[in-house]
Number of protein chains: 2
Amino acid sequence: MDTKTICLGALALGEASGYEIRKMFEDGPFAHFAQAAYGSIYPALTKLAEDGLVTCKSETQEKRPDKKVYRLTPSGWDHLEQALQSKIPSEDKVRSDTLFILFFTEWQRPDWIARVVDARIDHYRSILDGMQHCIDREAAEPAHNCASASQKLVRGFGHAVYRAAHDYLVENRDAFIAAAGQRRTDGREAAE
Amino acid sequence: MDTKTICLGALALGEASGYEIRKMFEDGPFAHFAQAAYGSIYPALTKLAEDGLVTCKSETQEKRPDKKVYRLTPSGWDHLEQALQSKIPSEDKVRSDTLFILFFTEWQRPDWIARVVDARIDHYRSILDGMQHCIDREAAEPAHNCASASQKLVRGFGHAVYRAAHDYLVENRDAFIAAAGQRRTDGREAAE
DNA sequence: TGCATGTATATCGGTTCGATATATTTTAAC
DNA sequence: GTTAAAATATATCGAACCGATATACATGCA
């Protein structure tokens, strides 16, 4: 999925500005499985407007910089539909500096490894808390219930995966720390 | 982690050519949490050699193109160690076209959603089988036991996460399919 | 024989990221 | 009450990165 398609997807949830789209990928509903930076979003929106897939109305607000609100056109909906159904999706791409570091645990100090693992556990915990909070709020206030069935299912997927990751790290925290410091990075021990 | 650091990490497991490094990120030990393309690897290795972090010996083979085998220098080991311990690692980045598609399940056909979900279940199953096969082989033949303790822990992490992902999709397959086709992409239903 | 797959290096265009610039308002702290 | 920080908002630029492709020979297998 390129940035243009990703922007169409964001706009399928309702009209939005470039800034608001960015937030959807930072904090919002797409945060855990898609990303887009300003440097990609703004040119993408310009291109989409040129191609007639979105319209742009400029809201000249007092007390704020101008806000350009984008909205899907019928042609934009078609385009999104095509993109979603075009082919069996490619494999997920995961980049985890944490796992890269932990892969080399033996070459590193136990206290450093402890910090990395603990930071990651905290991170997962805060994500899980955030998701749970979201679920609870929707249960309490049906008015706030904006997520569709499939959006809840996707969120449930994320929850299940983060839960597994969290639990595994908690269970194996001490094993990681025990593995640390068993080798030095002077290369003399490298297997060849 | 930039491509240079990633290449240093790959070479920490032993000397290798650019092609072999690529394979480590496609199939091998790093496959599930790091990526690097040829277009990044070859320039990175050239740069690393210029900076004295790796050495390169050209193996002129008969019956094969020349093979450039790279190996870490002591300075390269230092550099890798610095990179691993420099700061608390940034957040994981996940891009999943599958989840992006499933997020919009309501707008799509049930049979298409079934194909996407089933393909993903198969995919997870084959990954899990591969990991299990790897674990079994190491248990049977201690000679093949090349993974260190932390490398096994990282693999265990992957296994736990993929298992959770697989199980969730199996459990919720029918719910996804039931959610499909509830809306059309003509935009008239979009909440604004 | 022919064709796909595997081994191996390399490059090029296009996409994307990350940081930064600019400017104003709201919130928080002291 | 003032000042600092964070949020709102658009935009750009260089560096990094990906994906596809070119080249070339070997191997396997139908």
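Naming convention: chains lettered A, B, ... in sequence-line order (proteins, then strands); numbering from 1 in each chain.
B:Arg120 has a carboxylate O that lies under 4.0 Å from a charged side-chain N of A:Asp92, or vice versa, which qualifies the two as a salt bridge.
Judged by closest nucleotide on DNA chain C, B:Thr46 is the one of B:Thr46 and B:Lys93 placed further toward the 5' end. Nearest-nucleotide positions on DNA chain C for A:Ala36 and B:Lys68 put B:Lys68 closer to the 5' end.
Crowding of A:Lys93 atom NZ: a count of heavy atoms from other residues, nucleotides or ligands under 6.0 Å exceeding 12.
Rounded to a whole Å, the CD atom of A:Glu26 is 13 Å from the C1' atom of D:dT8. Note: CD (B:Gln35) to P (C:dT15) measures 20 Å, nearest angstrom. Counting to the nearest Å, the P atom of D:dG19 and the CZ atom of B:Phe25 are 14 Å from each other. For the pair A:Glu91 CD and D:dG19 P, the computed distance is 11 Å after rounding to whole Å. Atom-to-atom, OH of B:Tyr38 to P of D:dA22 comes out at 16 Å; the value is rounded to the nearest Å. One atom, CD1 of B:Ile21, and another, C1' of C:dA8, lie 13 Å apart when rounded to the nearest Å. Summarising the geometry, the separation between CD1 on A:Ile6 and C1' on C:dT15 is reported as 12 Å, rounded to the nearest angstrom. One can place NZ of A:Lys23 at 8 Å from C1' of D:dT8, the figure rounded to the nearest angstrom.
Across all strands shown, A:Gly18 has heavy atoms under 4.0 Å from sugar-phosphate atoms exclusively, and none from any base. Using a 4.0 Å heavy-atom distance criterion, B:Arg22 is classed as making no nucleic acid contact.
For B:Arg95, taking side-chain heavy atoms from C-beta onward, the closest of the listed nucleotides C:dC17, D:dC17, D:dT8 is C:dC17. Relative to the side chain of B:Ser40, the nucleotides C:dT11, D:dC17, C:dA8 differ in distance, and D:dC17 lies closest.
When the side-chain nitrogen and oxygen atoms of A:Ser17 are compared with OP1 and OP2 of D:dT10, one or more of them lie within a distance under 4.0 Å. The phosphate of C:dT9 has OP1 or OP2 within less than 4.0 Å of a side-chain N or O from B:Tyr42. Distances shorter than 4.0 Å separate none of the side-chain N or O atoms of B:Tyr19 from OP1 or OP2 on C:dT9. B:Thr3 has a side-chain polar atom (N or O) that falls below the 4.0 Å cut-off from OP1 or OP2 of D:dC17.
Using a 3.5 Å distance cut-off with no hydrogens or angles, the side chains of A:Asp2 and A:Thr5 do pair a donor with an acceptor.
Side-chain contact between A:Ile135 and A:Arg155 is present, with heavy atoms from C-beta onward closer than 4.5 Å. The closest side-chain heavy-atom distance from A:His32 to B:Val94 is not below 4.5 Å.
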